[in-house]
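To find a chain, count down the sequence lines: A is the first, B the second, and so on, and within it residues start at 1.
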Amino acid sequence: MTKPSLPQGMRDFSAETIRKRNHIFNTIKNVFENYGFEPLETPAMENLDTLMGKYGEEGDRLIFKVLNNGLNDPKNAEKAKDGFEKATQGKSSSLLTERALKYDLTIPFARFVAMNYGQLTFPYKRYQIQQVWRADRPQKGRYREFTQCDADVVGSSNLINEVELAGVYHSVFAKLGLGNYILKINSRKILSSLAEMCGSSELLTDITIAIDKLDKIGIEKVKAELEQRGLNSTQIGLIENYLNISGSNTEKLNKITELLDNTSASEGKSELAFVLNHCEKYNIDIDFTLARGLNYYTGIIFEVKAPLNVQMGSIGGGGRYDNLTELFGVPNVPGVGISFGVDRIYDVMEELKLFPENLQSGIQAIFFNMGEKESLFAYKIMQQVRDNGISCEMFHEFTKMEKQFKYADKKNINFAIIIGSKEIEEKNAVVKNLKTGAQENIGFGELVEYLK
RNA sequence: GUGGUUGUAGCUCAGCUGGUUAGAGCACCAGAUUGUGAUUCUGGGGGUCGUGGGUUCGAGCCCCAUCAUCCACCCCA
């Protein structure tokens, strides 16, 4: 027999963890519903075509692809070999694989909107809490299967949606006890403007990749990377001035106006100003170095950092994308969305001990097994207790009480109920409080009331 | 994809410069204690030391390969 194990980056969750995770899910879900979002679920697998090319080159590499069935059929043998040839050259081939596990929730959502455009009422506000899979190398806070919680609004360009989503972040983190989170905000238009000022909008990707690393590697290494990516010293000088912008949000906006002088810059600036004006309570920081990897963002972008005293990457992010469904043939559906990284939020909350004590509800009472006849009698009593919404169980076999007590301790059960021959005769049960050790006789009729 | 770490009982780990029969704690089972637990005490079961090869009189320990793992980079939540 081989030792059982899990595939890399996959996890089991047992009761305690699930209850804590559900606490996070329920909090997020309630806020989503409170803001008028409605639920959506999409399948684990999508057609490979739906996903490929949407996440950049690196993203494509990290999509989990599912091998076609029936490759061993002689009819398909040649095709399969062709497909394999292509696969070894790094091209994916429908001869070998045509389905894949979903990589995020946004693209399947866009696919759904495109397919159901006629049936949906716009603006369409949906939330989605599901697993996604990435063939990434796992490490701390990063898994191959993880849960995303997304909320998106499509069919509206109004910036009030951005404000609303910032409000969602605020409500959720306040309720989870992470009120001192940091919401960073920027606009892709500012970044585009910077690229234009450097001479070409083509430079946008190179610039964003480099400056995104600023807080990690420092200004000198960013400059080195920019140089390596082919930028000249004038361009790098401009970018350095851009990165050196600091101060309050208002000061940052003023300084960016001095530095960048074109249409995208002023558009980006007024977007940021609008959102900030309506989010005064939310502790938002403008961060011009914020870029975000996904290349479909076009307007405001968000990223949530854990409180400063814990070391954790971003615990959420999002932004505006103007034409996501166009990829699927439906143009002119602007949208904006945010995502919560539940697994990381979990780790942060664990570190800061923010989970409420009363999450581990468990079992209220255990009926001791005092013999075959006795336990069958007690079973009927137990069913009445259960019918009244009190969770309880009976010890599975007649054995000495020490064992039954130890079992109850381990499962953190509050009451032990003893119904033996004596109790049956006297029509009352011995109820022992396992936390205090106190016990008393309770008539069968009063049991439910006593346990409540 | 790149670099490093670790792999010994169900779990967490110890095991000295290579030397008899590989240890501890937790968990499990039994007893002290046949209707009152969390403590304590006694005893017990459990291992092809990740896998394959090599060096050696002799390998858990050294060498090579391989698989798995965790961490970091890349990228990202």
Side-chain angles (χ1 to χ4, degrees), chain A residues 1-11 14 24 28 55-63 90 102-106 129-150 205 208-210 212-213 216-217 221 225 290-295 302-306 311-319 337-348 366 368-371 374 395 398-424 429-441:
Chain A
M1 207 177 76
T2 52
K3 243 189 175 179
S5 65
L6 283 172
Q8 195 177 37
M10 304 284 167
R11 294 164 295 164
S14 52
I24 301 175
I28 294 174
Y55 308 107
E57 211 174 300
E58 180 74 11
D60 282 354
R61 217 163 52 84
L62 299 180
I63 293 172
K102 65 172 173 259
Y103 179 88
D104 72 354
L105 301 178
T106 307
I129 301 178
Q130 288 192 275
Q131 311 290 96
V132 302
W133 294 266
R134 295 186 187 177
D136 211 344
R137 283 279 176 85
Q139 53 184 280
K140 200 174 184 64
R142 180 195 284 185
Y143 310 96
R144 286 186 150 186
E145 178 183 49
F146 61 99
T147 308
Q148 285 193 331
C149 300
D150 279 24
T205 312
T208 54
I209 288 175
D212 201 30
K213 298 177 188 168
K216 230 175 197 174
I217 63 176
K221 285 191 174 167
E225 173 147 358
L290 176 63
R292 298 206 43 85
L294 296 171
N295 48 19
F302 297 111
E303 190 157 296
V304 184
K305 290 274 182 192
Q311 244 197 328
M312 182 59 76
S314 77
I315 54 175
I338 56 167
S339 181
F340 288 86
V342 172
D343 296 274
R344 287 184 177 180
I345 292 172
Y346 181 98
D347 289 345
V348 171
I366 181 161
F368 275 16
N369 193 320
M370 305 303 290
E374 290 85 348
F395 196 78
F398 178 40
T399 180
K400 57 183 182 181
M401 291 178 77
E402 181 185 353
K403 256 191 103 167
Q404 307 200 32
F405 272 118
K406 282 190 173 159
Y407 176 85
D409 280 336
K410 272 189 202 158
K411 294 192 77 170
N412 204 24
I413 295 171
N414 293 321
F415 292 97
I417 296 171
I418 300 165
I419 300 177
S421 50
K422 198 174 81 186
E423 286 77 14
I424 293 174
V430 173
V431 179
K432 179 161 183 169
N433 184 321
L434 293 172
K435 312 285 171 187
T436 65
Q439 70 178 45
E440 51 186 311
N441 293 343

Worksheet item: Contact class for A:Ser339 vs. all strands (heavy atom < 4.0 Å): base, sugar-phosphate, or nothing?
Response: nothing
Worksheet item: What is the distance from CZ of A:Arg11 to P of B:A77, rounded to the nearest Å?
Response: 15 Å
Worksheet item: What interatomic distance, in whole Å, is found between C1' of B:U12 and the corresponding atom of B:U21?
Response: 25 Å
Worksheet item: Using the P atom in both, what is the distance from B:G44 to B:G50, to the nearest Å?
Response: 27 Å
Discussion item. What does the B/S/- profile of nucleotides 31-36 of chain B look like, 5' to 3', with a 4.0 Å heavy-atom cutoff to protein?
Written reply: S-B-BB
Worksheet item: NA contact type, A:Tyr143, heavy-atom cut-off 4.0 Å: base, sugar-phosphate, or nothing?
Response: base
Worksheet item: In whole Å, what is the span from the CD1 atom of A:Ile315 to the C1' atom of B:C76?
Response: 15 Å
Worksheet entry | Pairwise side-chain contact, A:Lys102 with A:Trp133, heavy-atom cut-off 4.5 Å (strictly under) | yes
Worksheet item: Within the structure shown, what part of the strands sits under 4.0 Å from A:Ile209 by heavy-atom distance: base, sugar-phosphate, or nothing?
Response: sugar-phosphate
Item to complete: Could you work out the separation of B:G31 and B:U20 based on their P atoms and round it to a whole Å?
Response: 38 Å
Fill in: Side-chain touch A:Thr399/A:Asn369, heavy atoms, less than 4.5 angstrom
no
Worksheet item: Roughly how far apart, to the nearest Å, are B:G4 and B:C49 at atom C1'?
Response: 24 Å
Fill in: Integer-rounded Å distance: B:G50 P and A:Leu6 CG
20 Å
Discussion item. If you compare every side-chain N and O of A:Gln139 against the phosphate oxygens of B:C71 (OP1, OP2), does one of them come in below 4.0 Å?
Written reply: no
Item to complete: Whole angstrom is fine here: how far is it from CD1 in A:Ile366 over to C1' in B:A38?
Response: 15 Å
Worksheet entry | Rounded distance (Å) that lies between atom C1' of B:A77 and atom NZ of A:Lys102 | 15 Å
Item to complete: For A:Gly437, report the nucleic acid contact type (base, sugar-phosphate, nothing); a contact means any heavy atom under 4.0 Å.
Response: base
Taking only N/O atoms, report every protein-nucleotides 42-45 of chain B pair under 3.5 Å with atom names and distance.
none

Worksheet item: About how many Å separate CD1 of A:Ile315 and CZ of A:Arg344, when rounded to the nearest 0.5 Å?
Response: 10.0 Å
Fill in: A:Arg144 (side chain) donor-acceptor with A:Met10 (main chain) under 3.5 angstrom
no
Short heteroatom pairs, N/O only, protein and nucleotides 1-3 of chain B, under 3.5 Å:
unit_1	atom_1	unit_2	atom_2	d
B:U2	O4	A:Arg137	NH1	2.7

Item to complete: Pick base, sugar-phosphate or nothing for A:Gly141, based on heavy-atom distances below 4.0 Å to the nucleic acid.
Response: base
Response to the item:
side-chain contact (heavy atoms from CB on, under 4.5 Å) filter on A:Lys435, not counting sequence neighbours, yields A:Asn412, A:Asn414, A:Asn433
Practice prompt. Please state how far atom CD in A:Gln131 lies from atom P in B:A77, giving the value in whole angstrom units.
Written response: 16 Å
Worksheet entry | Partner set under side-chain hydrogen bond (donor to acceptor under 3.5 Å, both in side chains) for A:Glu303, not counting sequence neighbours | A:Arg292
Fill in: Residues which pass side-chain contact (heavy atoms from CB on, under 4.5 Å) with A:Ile63, listed by chain and number, not counting sequence neighbours
A:Leu48, A:Leu51, A:Met52, A:Tyr55, A:Asp60, A:Lys65, A:Ala100, A:Tyr103
Worksheet item: What do you reckon, do A:Phe146 and the base of B:A77 stack, with centroid distance below 5.5 Å and planes below 30°?
Response: yes
Worksheet item: Where does RNA chain B pair, written as one dot-bracket string 5' to 3', with Watson-Crick or G-U pairs under 3.5 Å, ( ) inside the strand, [ ] for crossing pairs and | for another strand?
Response: ((((.((..((((.....[...)))).(((((.......))))).....(((((..]....))))))).))))....
Discussion item. Measuring only between side-chain heavy atoms, which start at C-beta, is A:Ile419 closer than 4.5 Å to A:Phe368?
Written reply: no
Discussion item. Please give the distance between the C1' atoms of B:U39 and B:G52 as a whole number of Å.
Written reply: 49 Å
Worksheet, complete the sentence: Rounded to whole Å, CZ of A:Arg142 lies from P of B:C73 at a distance of 8 Å
Discussion item. Rounding to an integer number of angstrom, what distance separates B:A24 and B:G43 when you compare their P atoms?
Written reply: 12 Å
Worksheet item: Given the C1' atoms of B:U2 and B:C11, what is the spacing between them in whole Å?
Response: 33 Å
Discussion item. Treating A:Glu145 as the side-chain partner and A:Arg11 as the backbone partner, does any N or O pair qualify as donor plus acceptor under 3.5 Å?
Written reply: no
Worksheet item: Going by heavy atoms in the side chains, are A:Val342 and A:Ile129 under 4.5 Å from each other?
Response: no
Practice prompt. Let me know, please, whether A:Lys406 or A:Leu62 comes out on the 5' side of the other along RNA chain B by nearest nucleotide.
Written response: A:Lys406
Worksheet item: Can you list the residues that meet the salt bridge (Lys or Arg N to Asp or Glu O under 4.0 Å) rule with A:Lys406, with sequence neighbours excluded?
Response: A:Glu402
Discussion item. Using the side-chain hydrogen bond (donor to acceptor under 3.5 Å, both in side chains) criterion, which residues pair with A:Tyr407? Sequence neighbours excluded.
Written reply: A:Glu393, A:Lys411
Worksheet entry | Partners passing side-chain hydrogen bond (donor to acceptor under 3.5 Å, both in side chains) against A:Ser314 (at least two apart in sequence or in another chain) | none
Discussion item. What is the separation between atom CZ on A:Arg144 and atom P on B:C71, rounded to the nearest whole Å?
Written reply: 13 Å
Worksheet item: Would you call A:Ile366 and A:Gln404 a side-chain contact if the rule is heavy atoms closer than 4.5 Å?
Response: no
Practice prompt. Nearest-nucleotide wise, let me know which of A:Phe340 and A:Pro138 is further upstream toward the 5' end of RNA chain B.
Written response: A:Pro138
Worksheet item: Of all residues at least two apart in sequence or in a different chain, which pass the side-chain hydrogen bond (donor to acceptor under 3.5 Å, both in side chains) check with A:Gln439?
Response: none
Worksheet item: Of all residues at least two apart in sequence or in a different chain, which pass the salt bridge (Lys or Arg N to Asp or Glu O under 4.0 Å) check with A:Glu440?
Response: none
Worksheet entry | Whole-Å C1' distance, B:C75 and B:A27 | 41 Å
